[in-house]
Amino acid sequence: MKHKRNFIKPSWHMPEHLATSESAFLNRRSLIKGLGLSGIALATPPLLGGNARAQEADPSASLYPVDRNEAFTLERKITPEKLNLTYNNFYEFGSHKQIHEAAQALPIRPWEIAIDGEVEKPLTIGIDDLLKKMPLEERLYRHRCVEAWSMRLPWSGFELSHLVQMAKPTSKAKYVRFETFQDTSVAPGQKQFWYPWPYVEAITMEEAMNELTFMVTGAYGKPVSKQMGAPVRLALPWKYGFKSIKSITRISFVEKQPVSFWEKLAENEYGFWANVNPEVAHPRWSQATERDLESGDRIPTELYNGYGEQVASLYTDKQDLGDRLYR
Ligand SMILES: Nc1nc2c(c(=O)[nH]1)N[C@H]1C(S)=C(S)[C@@H](COP(=O)(O)O)O[C@H]1N2
Ligand SMILES: [Mo]
């Protein structure tokens with residue numbers, strides 16, 4: 001018999017309108033707007049922690065901005081950077097949206113990424129060496145959280161397929177598994193033992209080679225911020241946001257399907273595939289519409305978050321998985 005572990009539910013285990021941290025945040029925002037103070041009050045404050053390394057300037061800053069790839073554009077406007085910098089999901093720093101100050105404690109240099117598993121030669125590479133090898137470009141992508149809020153942003157980075165080519169996986173490699181850093185001395189959330197740290201996500205090799213699968217190293221024309229997953233995170237715009245793992249330290253090519261962080265916690269709600277689908281409700285809320293973070297407008301959610309043209313073919317042979325493709 002399977003025994004379900006009891007754990008404290010994150011805010012997105014509640015119906016969205018009951019998530020207090022979020023509604024408190026939105027009220028604060030409209031209050032600030034009303035006072036005309038948004039620029040001052042919402043600006044990210046200077047670093048508060050005592051970690052000297054964390055305060056160093058990002059050595060990759062001179063690489064940005066990079067040229068935009070016009071093949072990836074949007075109909076609606078980009079979500080303001082300030083909103084993106086102050087409304088985040090990053091459970092390592094707390095299970096609410098206002099983790100941006102806490103995340104500044106994360107040291108992002110030196111930052112090594114291990115590439116291992118079913119590859120010709122496992123290796124460890126520093127982020128700045130990796131950045132030199134990869135062709136950087138900017139793309140405008142949508143982002144759809146499983147909690148039913150959404151935004152649009154200009155990511156900079158490189159296609160994961162380039163890294164896969166560099167890694168030379170063997171024919172045994174069927175999945176790519178990603179792991180986030182683990183360090184309780186900087187990430188207080190990781191002291192919450194009921195979560196299965198470190199954060200892990202995984203995709204199939206086919207998904208990894210898809211042109212949409214993007215390794216993000218920058219946003220809004222500069223290095224990606226710590227709260228958004230510096231120095232490197234994934235962007236899988238046709239999947240729910242939790243698949244887009246932040247602050248990656250290990251990329252493994254593996255034979256068996258890995259179990260991801262949220263899947264371990266609640267496999268019936270946050271499955272391996274997690275493709276956006278308006279017709280398959282989360283067990284506790286509808287996915288038919290989403291709330292645009294900036295305007296608050298409810299907009300219809302699209303199948304594969306609007307990226308069907310690029311990714312639908314990945315799943316034509318998997319329709320027998322039914323709802324499991326979507327949750
Ligand atoms: N390591 C790690 N990666 C993560 C998360 C997290 O808690 N830890 N949250 C995920 C979720 S649920 C979402 S919606 C996005 C949020 O990215 P953003 O804060 O840049 O909007 O990051 C994803 N990646
Ligand atoms: Mo999310």
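Each ligand, and each atom within it, is numbered from 1 in the order the structure gives. As the structure is a computational prediction, the values presented were derived from the model and not from experiment. Values below: every heavy atom of this structure, side chains too, minus hydrogens, waters and symmetry copies.
- Under a 4.0 Å criterion applied to the non-hydrogen atoms of F242, ligand 1 contributes the atoms 10 (C), 11 (C), 12 (S).
- Within the listing of ligand 1, atoms 20 (O) sit less than 4.0 angstrom from a heavy atom of M228.
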Let me have the donor-acceptor pairs involving side chains of residues 208-218, under 3.5 Å, with sequence neighbours excluded, atom names and distances please.
| residue | atom | partner | partner atom | Å |
| --- | --- | --- | --- | --- |
| N210 | OD1 | L212 | N | 3.0 |
| N210 | ND2 | Q310 | O | 3.1 |
| T213 | OG1 | E207 | O | 2.7 |
| T217 | OG1 | Y64 | OH | 2.7 |

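- Both cation-pi conditions hold for K243 and F272: the charged atom is under 6.0 angstrom from the six-membered ring centre and inside a 45 degree cone around its axis.
- One finds a salt bridge joining K222 and E81 here, because a Lys/Arg side-chain nitrogen approaches an Asp/Glu carboxylate oxygen to under 4.0 Å.
- Within the set L236, N89, V224, the minimum heavy-atom distance to atom 11 (C) of ligand 1 is found for N89.
- For ligand 1, the atoms closer than 4.0 angstrom to any heavy atom of C145 are 14 (S).
- A distance of 12.0 Å separates OG1 of T73 from CZ of R139, quoted to the nearest 0.5 Å.
- The closest approach between H143 and ligand 1 falls below 4.0 Å for a heavy atom of the residue.
- Using a 4.0 Å cut-off to heavy atoms of M151, the atoms of ligand 1 that qualify are 21 (O).
- Counting atoms of ligand 1 from 1 in the listed order, those under 4.0 Å from a heavy atom of R233 are 15 (C), 17 (O), 18 (P), 20 (O), 22 (O).
- Every N/O-N/O distance between N84 and ligand 1 stays at or above 3.5 Å.
- Every atom of ligand 1 is numbered from 1 in the order shown, and the set under 4.0 Å from a heavy atom of E92 is 1 (N), 2 (C), 6 (C), 7 (O), 8 (N).
- Geometrically, ligand 1 and W149 share no nitrogen or oxygen pair separated by less than 3.5 Å.
- When the options S150, A235, G241 are ranked by their closest heavy atom to atom 13 (C) of ligand 1, first place goes to G241.
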(Q) E159 vs S161, test: side-chain hydrogen bond (donor to acceptor under 3.5 Å, both in side chains). Steps then yes/no. (A) CA-CA 5 Å; E159 257 184 48; S161 65; 3.0 Å; yes

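- Between E302 and R142 there is no salt bridge, since no side-chain N of the basic residue sits under 4.0 Å from a carboxylate O of the acidic one.
- Both the backbone and the side chain of F90 come within contact range of ligand 1, each with a heavy atom under 4.0 Å.
- Note: Y304 and Y315 have parallel aromatic rings, judged against thresholds of 30 and 60 degrees for the angle between ring planes.
- Taking a cut-off of under 4.0 Å to the non-hydrogen atoms of T180, the atoms of ligand 1 that pass are 1 (N).
- The aromatic rings of H282 and W285 sit parallel to each other, their planes meeting at less than 30°, with 60° as the upper class boundary.
- In this structure, S244 is part of the shell of residues with a heavy atom less than 4.0 angstrom from ligand 1.
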Q: Test side chain to side chain contact (heavy atoms under 4.5 Å, CB included) on F93 and Q227 and set out the steps.
A: CA-CA 9 Å; F93 296 100; Q227 57 269 45; over 6 Å; no

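- Listed by atom number, the atoms of ligand 1 under 4.0 Å from N88 heavy atoms are 18 (P), 19 (O), 20 (O).
- Side-chain N or O atoms of K239 include one that pairs as donor or acceptor with a backbone N or O of W273 at under 3.5 Å.
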